[in-house]
Amino acid sequence: MSRAYPTPDIDQPTPLLGGLTPREFMRDYWQKKPLLIRQAIPGFRPPVTLKDIQTLARREEVESRLITQGEKGWTMKHGPFRRFPPAAQPKWTLLVQSVDLHDDESAALMRQFRFISDARLDDLMISIATDGGGVGPHYDSYDVFLLQGYGRRRWRTSCQADRTLVPGMPLKILADFQPEADDILEPGDMLYLPPHVCHDGVAIGNDCMTLSIGFRVPSQATLARGLLESAADQISAQHLGDPGLYGHPCLPGADLATLYTDADTPATRTPAALPPHLVQATLDTLKQIRLDEAVAARFLGQWLTSLPDNALFDPTETAVALAETVPATGRLVLDRCTRLMYSGAQLFINGEVAACASEPALQTLADERALPAEAIRALDAHTRAHLDEWLQEGWAHWQDAA
Ligand code: SIN
Ligand code: CO
């Protein structure tokens, strides 16, 4: 049974945020300024060992990098790895991405940060390093909580404006890092950094482990393209018989079946030129296209719940059949890899529109990642049959009462 890491109440001061409430943290620090938190998790014992990180980095489906600093400067290799430099060799670090996809307790640890929307939470990256190891002075484009797991790490940070990088390096290294703060983090200490704050974390001694809770930030280009793709797929589903990625089931939309007409067009001497009338008629269709919240949510819901290739489920025969009988006790829990989100009447699971409606109990399941037997009993048989499908896919599991 994995250790429970409860998500803090947004109005309760919490050691996780240095005695601030999540509401205060979001107001004063999030995306604004760094925060060093001593003993964010008192007595912290990481969910995985240093050896576990090496074992993960040997696996094909796990994303990992090995960064070394030697006489020839910085080198970076991508996993999977068969062997690692000796523990006695200083200045190397192994970074494993998305540990939350591969380990239940790591996923539970990351969910402590769910006072921030799932739409923003990305992954738990874990690095191990020997003395002097690190990834060099750099900046990231996303927010990050850097939690010290084992050993000690010196973090130097700077809010400098000059973020010029050294050209031609295998990794992002700042050309002129000017540290403004300098702190040594011990197990359980944590540093929050907003995007673009320059930082350099160097292991002090061997057996250093740092856990990075990272966030995702879509660019405006990604959002605009996704919105238009979602709108295009609705048109395609309704009129051209192809739902594409975002058109199933089709949202109600404009009637665009009317054919183009060009009565009174004069004869032309330039038959290869596009008729301006046709160009204008194309632009005029835009007035009928619905770019509303439902179309935006269709893109966001499917895109944000879509799974990376290395999110693997274990489809199993389950002993429970909720459509027939709901056990007297116990609860349905989402698998660590499952992504379930909602917006109004739309419910999204693992990149698809869920076949059942977004009713309050399923929204509770999405927020809590668990739903007790009594709440499931109140659902209709059709919805319970869909939950059975999720159980069979391995997207959810039945947990008997302890
Ligand atoms: C690390 O764990 O060494 C890298 C984390 C970071 O600087 O983003
Ligand atoms: Co960084």
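Values in this document were obtained by computation on a predicted structure and should not be read as measured data.
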| request: Before giving the answer on side chain to side chain donor-acceptor pair (under 3.5 Å), spell out for Gln148 and Thr210 the whole-Å C-alpha distance, their side-chain angles and the decisive distance to 0.1 Å. | output: CA-CA 5 Å; Gln148 193 59 21; Thr210 302; 3.0 Å; yes
| Residue pair Leu193, Leu191: steps toward the side-chain contact (heavy atoms from CB on, under 4.5 Å) verdict | CA-CA 6 Å; Leu193 297 178; Leu191 179 63; 4.0 Å; yes
| message | For Thr316 and Asp314: C-alpha separation, side-chain torsions, deciding distance, then whether side chain to side chain donor-acceptor pair (under 3.5 Å) applies. | response | CA-CA 6 Å; Thr316 40; Asp314 187 14; 5.5 Å; no
| request: Give the C-alpha distance, both sets of side-chain angles, the deciding distance and a yes or no for side chain to side chain donor-acceptor pair (under 3.5 Å) between Asp123 and Gln97. | output: CA-CA 7 Å; Asp123 78 333; Gln97 216 64 47; 3.1 Å; yes
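Gln302 places a side-chain N or O within 3.5 Å of a backbone atom of Leu245 that can act as its donor or acceptor partner. In this structure, the side chain of Thr270 does not engage the main chain of Ala273 through any donor-acceptor pair within 3.5 Å. Between the side chain of Glu393 and the backbone N or O of Trp390 there is no donor-acceptor pair closer than 3.5 Å. A side-chain donor-acceptor contact under 3.5 Å links Thr282 to the backbone of Leu278. At least one donor-acceptor pair under 3.5 Å links the side chain of Arg369 to the backbone N or O of Thr338. Thr383 places no side-chain N or O within 3.5 Å of a backbone atom of Cys356 that could act as its donor or acceptor partner. Not a single donor-acceptor pair under 3.5 Å links the side chain of Glu352 to the backbone N or O of Ala354.
Rounding to the nearest 0.5 Å places OG of Ser212 at 11.5 Å from CG of Asp122. Considering CG of Leu174 and CG of Asp176, their distance stands at 8.5 Å, rounded to 0.5 Å. Once rounded to the nearest 0.5 Å, the distance linking CD of Glu186 with CZ of Phe44 reads 14.0 Å. One distance of note links CZ of Arg331 with CD of Glu368; it measures 9.5 Å at 0.5 Å rounding. Between the CG atom of Leu146 and the CE atom of Met190 there is a distance of 9.0 Å, given to the nearest 0.5 Å. For the atom pair CG (Leu147) and CE (Met209), the distance works out to 10.5 Å, reported to the nearest 0.5 Å.
Applying the ring pair (Phe, Tyr, Trp, His ring centres under 6.0 Å) test to pairs two or more places apart or on separate chains, those with a residue in residues 14-36 are Phe25-Phe145, Phe25-Tyr192, Trp30-Tyr192, Trp30-Phe215. Among pairs with a residue in residues 49-61, those fulfilling side-chain hydrogen bond (donor to acceptor under 3.5 Å, both in side chains) read Thr49-Asp52, Arg59-Glu61, at least two apart in sequence or across chains. For residues 286-300, every residue pair satisfying the side-chain hydrogen bond (donor to acceptor under 3.5 Å, both in side chains) rule, not counting sequence neighbours, is listed here: Asp284-Lys287, Arg298-Gln346. For residues 31-41, every residue pair satisfying the side-chain hydrogen bond (donor to acceptor under 3.5 Å, both in side chains) rule, not counting sequence neighbours, is listed here: Gln31-Asp143, Arg38-Asp189, Gln39-Asp189. The stretch residues 191-219 participates, sequence neighbours left out, in these salt bridge (Lys or Arg N to Asp or Glu O under 4.0 Å) pairs: Arg156-Asp200. Under the ring pair (Phe, Tyr, Trp, His ring centres under 6.0 Å) criterion, the residue pairs touching residues 228-249 are Tyr246-Phe299, with sequence neighbours excluded. Annotation: salt bridge (Lys or Arg N to Asp or Glu O under 4.0 Å) contacts involving residues 228-239, sequence neighbours excluded, comprise Arg225-Glu229.
In this structure, the ring-ring contact (aromatic ring centres under 6.0 Å, His included) partners of Tyr139, at least two apart in sequence or on a different chain, are His196. His397 pairs by the ring-ring contact (aromatic ring centres under 6.0 Å, His included) definition with nothing, not counting sequence neighbours. Annotation: ring-ring contact (aromatic ring centres under 6.0 Å, His included) contacts of Phe115 (sequence neighbours excluded): none. For His138, the ring-ring contact (aromatic ring centres under 6.0 Å, His included) partners at least two apart in sequence or on another chain are His199.
The nearest pair of heavy atoms linking Pro42 to Ala40 is CD-O, 3.7 Å.
Salt-bridge formation is detected for the pair Asp182/Arg154: a Lys NZ or Arg NE/NH1/NH2 atom is positioned less than 4.0 Å from an Asp or Glu carboxylate oxygen.
The side-chain heavy atoms of Leu391 and Leu322, taken from C-beta on, include a pair separated by under 4.5 Å. Side-chain contact check for Leu17 versus Pro22: some heavy-atom pair is nearer than 4.5 Å. Annotation: side chain of Arg65 is not in contact with side chain of Leu94 (no heavy-atom distance under 4.5 Å). Residues Trp395 and Leu340 have side chains not in contact (no heavy-atom distance under 4.5 Å, counting atoms from C-beta outward). Using a 4.5 Å heavy-atom threshold, the side chains of Leu101 and Ser98 count as touching. Contact annotation: the side chain of Leu387 approaches that of Leu379 to within less than 4.5 Å [non-hydrogen atoms, C-beta and beyond]. Taking 4.5 Å as the limit, some side-chain heavy atom of Leu109 sits within range of a side-chain heavy atom of Leu124. Pro276 places none of its side-chain heavy atoms less than 4.5 Å from the side chain of Gln280.
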Enumerate, atom names and distances included, each donor-acceptor pair closer than 3.5 Å involving a side-chain atom of residues 74-91, sequence neighbours excluded.
| unit_1 | atom_1 | unit_2 | atom_2 | d |
| --- | --- | --- | --- | --- |
| Thr75 | OG1 | Thr68 | OG1 | 2.2 |

